[in-house]
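Structure, as structure tokens:
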Amino acid sequence: MPWLLKAEPDSRIVKGVDVKYTIDDLEDEQVGHWEGIRNHEARKNLLAMKEGDRAFFYRSNCKQPAIVGTMTIDKEAYEDHFAKDPKHPYYDAKHTGKWVMVDVRYQSHLQPILLSELRENPKLKDMALLKRSRLSVTPVTDDEFDEILAMAGVNPEKPDQEASEAESGEETKSESPGNGTKKD
DNA sequence: GCCAACGTTGGC
DNA sequence: GCCAACGTTGGC
């Protein structure tokens with residue numbers, strides 16, 4: 001099952017540590033830890049992730065909240081040791097040892113799909129992201145995933161195109177590159 | 001176990 | 001900065 005994971009692109013200092021994390025950061029490191037999830041339902045979703053699952057990178061708590069890239073689950077849920085470190089921003093004195101994290105692997109940048117655009121698409125009206133706005137790890141259906149890729153101008157049947165399209169940037173910056181399916 | 005008070009998330 | 005949604009806490 002595909003997933004959506006939120007991260008904050010703007011600097012925010014928690015216990016002296018900047019918690020910002022962007023799709024560019026993930027691209028730089030290729031494989032990143034998704035630590036700091038401190039909500040039971042989000043935890044349940046982390047535990048349900050399987051290696052190889054597709055996921056969206058969502059930027060939240062910023063001017064233009066949006067889906068900005070894709071990644072895959074690289075390592076299934078394991079103990080989030082940051083919960084045990086009293087000096088860490090994600091320390092949780094109460095639930096030490098029960099929280100988990102996954103590793104994610106960078107796949108591609110997408111032309112950002114704004115939250116407002118997601119809301120406008122009737123095919124996405126049941127998205128967990130929209131219904132459970134405060135949940136930072138949500139499931140995405142296969143149909144929703146493909147629909148969003150289409151909104152980003154990516155052919156879901158040729159996912160290898162998405163990397164080259166988004167990276168080379170130049171030739172595919174137009175609004176709807178050849179998909180005549182845009183509603184309105 | 002109910003619910004009011006309070007804290008946090010995150011869009012606007 | 002405001003506030004709606006919603007999770008958590010604690011009194012009873």
- Message: I'd like to know whether His81(A) forms a side-chain contact (heavy atoms from CB on, under 4.5 Å) with Met101(A), so could you lay out the CA-CA distance, the side-chain angles of the two residues, the decisive distance to 0.1 Å, and finally the verdict.
- Response: CA-CA 9 Å; His81(A) 61 272; Met101(A) 60 185 181; 3.8 Å; yes
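- Atom pair Lys20(A):NZ and dT9(B):C1' shows a separation of 20 Å (rounding to whole Å applied).
- In this structure, CZ of Arg12(A) is placed 10 Å from P of dT8(B), rounded to the nearest angstrom.
- With rounding to the nearest 0.5 Å, the separation of CD1 in Ile67(A) from CD1 in Ile113(A) is 7.0 Å.
- A close approach under 4.0 Å does occur between a side-chain nitrogen or oxygen of Tyr58(A) and OP1 or OP2 of dG11(B).
- Atom pair Asp10(A):CG and dG11(B):C1' shows a separation of 13 Å (rounding to whole Å applied).
- Taking atom CG of residue Leu118(A) and atom C1' of nucleotide dG10(B), one finds them 15 Å apart after rounding to whole Å.
- Note on ring orientation: taking the six-membered ring where Trp is involved, the planes of His88(A) and Phe82(A) are tilted (angle from 30° to 60°).
- As judged by a 4.0 angstrom heavy-atom cut-off over every strand, Lys94(A) is placed among residues touching the sugar-phosphate backbone only.
- Dashed line: the shortest gap from a side-chain N or O of Arg132(A) to OP1 or OP2 of dG7(C) is under 4.0 Å.
- Inspection of the Tyr106(A) and Asp28(A) side chains reveals no N or O donor paired with an N or O acceptor under 3.5 Å.
- Side-chain proximity of Ser60(A) to dG10(B), dC12(B), dT8(B): nearest is dG10(B).
- Between Arg38(A) atom CZ and dT8(C) atom P the separation is 13 Å, expressed in whole Å.
- You'll find that the side chain of Arg119(A) is closest to dG11(B), out of dG7(C), dG11(B), dT9(C).
- Distance, Lys131(A) NZ to dT9(B) C1': 20 Å, rounded to whole Å.
- Look at CG on Asn39(A): it is 10 Å from C1' on dC6(C), rounded to the nearest Å.
- Taking atom CG of Asn61(A) as the reference point, atom C1' of dT8(B) lies 11 Å away to the nearest angstrom.
- Relative orientation of the His40(A) and Trp99(A) rings is tilted, given thresholds of 30° and 60° on the angle between their planes.
- With distances taken from any side-chain atom of Arg134(A) to the nucleotides dG11(B), dG10(B), dT8(C), the minimum falls on dG10(B).
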